Engineer: 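Supplied in structure tokens, the structure appears directly below.
What you see is a predicted model, and the numbers here were worked out from it, not measured in a lab. In what follows, every heavy atom counts, from backbone to side chain, and hydrogens, waters and symmetry copies are set aside.
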Amino acid sequence: MVRIGLTTDRLVRAGAELADEVGFDEVTVSALARRFDVKVASLYSHLRNSQDLRTRIALLALEELADRASEALAGRAGKDALSALANVYRDYAHEHPGRYAAAQLRLDPETAAASAGVRHAQMTRAILRGYDLAEPDRTHAVRLLGSVFHGYVSLELGGGFSHSAPDTDETWTRVLDALDALLRTWPAV
């Protein structure tokens, strides 16, 4: 018998909270059942398995990130838009480390195409229109930005910059300045 009040949405949100607390890799249907003090079998009417739960958490995280980015980018262009997008990713990763990790989950092509990940790519490409990049350079720039944002945030979350000066906020600002300068002077092939 399914416990009253358990819904797929409630379980996914609880799974996302669990991911932020203990890490995305530790999220399973069993761990979620313990959180609700129910038998694992009672969750299977809402979730197929742990992979289904993890995929749903990833989709939630992508949606939350896209909503934040959309709001932050409204009315911005150029470096201001670039910085706004970068800061959304960094702030979200610090506030929700498990969800941020979930947003990196590799999704099957059909699920990915229907996810908010598409909105992320569209917003990044919109920012790059302000830098007057044509294809294939725009795709190269999208990949560069994603790599720098994710790489910096991952190293920062892992403590990779905590042992030395200057402060990581100062470095982050310099990184964004450097990206803006690079995008404005993108090398011709």
Engineer: Are Tyr92 and Val27 connected into the same hydrophobic cluster when the rule is that any two of I, L, V, M, F, W, Y join if their side-chain heavy atoms are below 4.5 Å apart?
Structural biologist: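 Hydrophobic grouping puts Val27 apart from Tyr92.
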Engineer: In the single-linkage hydrophobic clustering (I, L, V, M, F, W, Y; side-chain heavy atoms under 4.5 Å), do Val22 and Val40 co-cluster?
Structural biologist: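 Yes: a chain of side-chain contacts under 4.5 Å links Val22 to Val40.
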Engineer: Just checking, is any N or O donor in the side chain of Arg125 or Thr139 under 3.5 Å from an acceptor N or O on the other one?
Structural biologist: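 Side chains of Arg125 and Thr139: pair found under 3.5 Å.
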Engineer: Just by modelled atom types, is the Leu11 backbone N or O under 3.5 Å from a matching donor or acceptor in the His46 side chain?
Structural biologist: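 Not at all, since once roles are kept as given, no pair shorter than 3.5 Å links the two residues.
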Engineer: For a quick test of reading the model, state the closest non-hydrogen atom pair linking Ala141 to Leu128 and the distance between them.
Structural biologist: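 Shortest heavy-atom separation between Ala141 and Leu128 comes out as CB-CD1, 3.7 Å.
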Engineer: Determine whether more than 12 heavy atoms belonging to other residues, nucleotides or ligands lie under 6.0 Å from atom CD of Glu135.
Structural biologist: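 Atom CD in Glu135 is crowded, with more than 12 foreign heavy atoms closer than 6.0 Å.
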Engineer: Go through Val12 and Leu59 one step at a time and tell me if the side-chain contact (heavy atoms from CB on, under 4.5 Å) criterion holds.
Structural biologist: CA-CA 10 Å; Val12 170; Leu59 294 172; over 6 Å; no
Engineer: Can you name the side-chain hydrogen bond (donor to acceptor under 3.5 Å, both in side chains) partners of Asp80, sequence neighbours left out?
Structural biologist: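 In terms of side-chain hydrogen bond (donor to acceptor under 3.5 Å, both in side chains), with neighbours along the sequence ignored, Asp80 is linked to Arg76.
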Engineer: Can you check side-chain contact (heavy atoms from CB on, under 4.5 Å) on Leu145 and Leu85, steps first, answer last?
Structural biologist: CA-CA 10 Å; Leu145 293 178; Leu85 181 65; 5.7 Å; no
Engineer: For the atom pair CZ (Arg99) and CZ (Arg13), what is the distance rounded to the nearest 0.5 Å?
Structural biologist: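 Going from the CZ atom of Arg99 to the CZ atom of Arg13 covers 7.5 Å.
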Engineer: Is the backbone of Ala66 close enough, under 3.5 Å, to the side chain of Ser70 for a donor and an acceptor to pair up by distance?
Structural biologist: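 Absent.
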Engineer: Got a sec, which residues hit salt bridge (charged side-chain N to carboxylate O under 4.0 Å, His left out) with Arg34, two or more places apart in sequence or on another chain?
Structural biologist: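 With neighbours one apart ignored, the set is empty.
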Engineer: Under the rule for side chain to side chain contact (heavy atoms under 4.5 Å, CB included), what residues qualify as partners of Leu144, not counting sequence neighbours?
Structural biologist: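 Here the qualifying residues are Val148, Leu179, Leu182, Trp186.
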Engineer: Using 0.5 Å steps for rounding, measure from the CD1 atom of Ile57 to the CG atom of Leu53.
Structural biologist: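 Ile57 CD1 to Leu53 CG: 4.0 Å, rounded to 0.5 Å.
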Engineer: Please name all residues satisfying ring pair (Phe, Tyr, Trp, His ring centres under 6.0 Å) with Phe161, sequence neighbours left out, ordered by chain then number.
Structural biologist: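 Testing Phe161 for ring pair (Phe, Tyr, Trp, His ring centres under 6.0 Å), a comparison that skips the adjacent residues, returns Tyr152.
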Engineer: Does Met123 form a side-chain contact (heavy atoms from CB on, under 4.5 Å) with Leu65? I'd like the steps, not just the answer.
Structural biologist: CA-CA 11 Å; Met123 286 184 275; Leu65 264 168; over 6 Å; no
Engineer: Ignoring hydrogens, what is the shortest heavy-atom contact between Leu107 and Ala58? Give both atom names and the distance.
Structural biologist: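 Of all heavy-atom pairs spanning Leu107 and Ala58, the closest is CD2-CB, 4.3 Å.
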Engineer: Who pairs with Arg138 by salt bridge (charged side-chain N to carboxylate O under 4.0 Å, His left out), at least two apart in sequence or on another chain?
Structural biologist: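 Partners of Arg138 under the salt bridge (charged side-chain N to carboxylate O under 4.0 Å, His left out) test: none.
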Engineer: Side chains of Arg119 and Asp67, heavy atoms from C-beta outward: is any pair under 4.5 Å?
Structural biologist: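 With C-beta onward as the side chain, the pair touches.
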Engineer: State yes or no: do Leu176 and Leu155 share one hydrophobic cluster built from I, L, V, M, F, W and Y residues joined by side-chain heavy-atom distances below 4.5 Å, directly or via other members?
Structural biologist: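 Linked, Leu176 and Leu155 end up in one cluster.
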Engineer: Check Phe24 against Gly98 and note the closest heavy-atom contact, atom names and distance.
Structural biologist: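 Of all heavy-atom pairs spanning Phe24 and Gly98, the closest is CB-O, 3.6 Å.
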Engineer: Rounded to the nearest 0.5 Å, what separates atom CG in Leu105 from atom OG1 in Thr111?
Structural biologist: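 The OG1 atom of Thr111 is 10.0 Å from CG of Leu105, to the nearest 0.5 Å.
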Engineer: Do the ring centers of Tyr100 and His150 come within less than 6.0 Å of each other?
Structural biologist: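 Tyr100 vs His150: aromatic centres under 6.0 Å.
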Engineer: Looking only at non-hydrogen atoms, find the nearest pair between Pro97 and His94 and report the distance.
Structural biologist: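 Scanning both residues, the minimum pair turns out to be CD-O, 3.8 Å.
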Engineer: Minimum heavy-atom separation for Val88 and Ala69, please, with both atom names.
Structural biologist: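 Closest heavy-atom pair between Val88 and Ala69: CG1-N, 3.8 Å.
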Engineer: What are the two closest heavy atoms between Trp172 and Asn87, and how far apart are they?
Structural biologist: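 Closest approach of Trp172 to Asn87: NE1-OD1, 2.6 Å.
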Engineer: Nearest 0.5 angstrom please: Asp132 CG to Arg184 CZ, how far?
Structural biologist: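 Reported to 0.5 Å precision, the distance equals 13.5 Å.
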Engineer: I'd like to check the side-chain hydrogen bond (donor to acceptor under 3.5 Å, both in side chains) partners of Arg68; sequence neighbours left out, ordered by chain and number.
Structural biologist: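 Scan of Arg68 (side-chain hydrogen bond (donor to acceptor under 3.5 Å, both in side chains), adjacent residues dropped) gives Glu95.
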Engineer: Hydrophobic clusters here meaning ILVMFWY residues chained together by side-chain heavy-atom distances under 4.5 Å, can you tell me if Tyr89 and Leu62 are in one?
Structural biologist: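 The answer is no; the residues belong to distinct hydrophobic clusters.
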Engineer: Supply the atom-to-atom distance Arg143 CZ to Ser147 OG, rounded to the nearest 0.5 angstrom.
Structural biologist: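 So the CZ of Arg143 and the OG of Ser147 are separated by 9.5 Å.
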Engineer: Could you please spell out the steps behind the side-chain contact (heavy atoms from CB on, under 4.5 Å) verdict for Phe36 and Arg10?
Structural biologist: CA-CA 11 Å; Phe36 283 99; Arg10 185 171 176 209; 3.6 Å; yes
Engineer: Side-chain heavy atoms nearer than 4.5 Å, only ILVMFWY residues, links allowed to pass through others: does that put Leu183 and Val142 together?
Structural biologist: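 They do share one cluster, since a chain of ILVMFWY contacts under 4.5 Å joins Leu183 to Val142.
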Engineer: Between CZ of Arg56 and CG of Leu60, what distance do you get to the nearest 0.5 Å?
Structural biologist: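 The CG atom of Leu60 is 11.5 Å from CZ of Arg56, to the nearest 0.5 Å.
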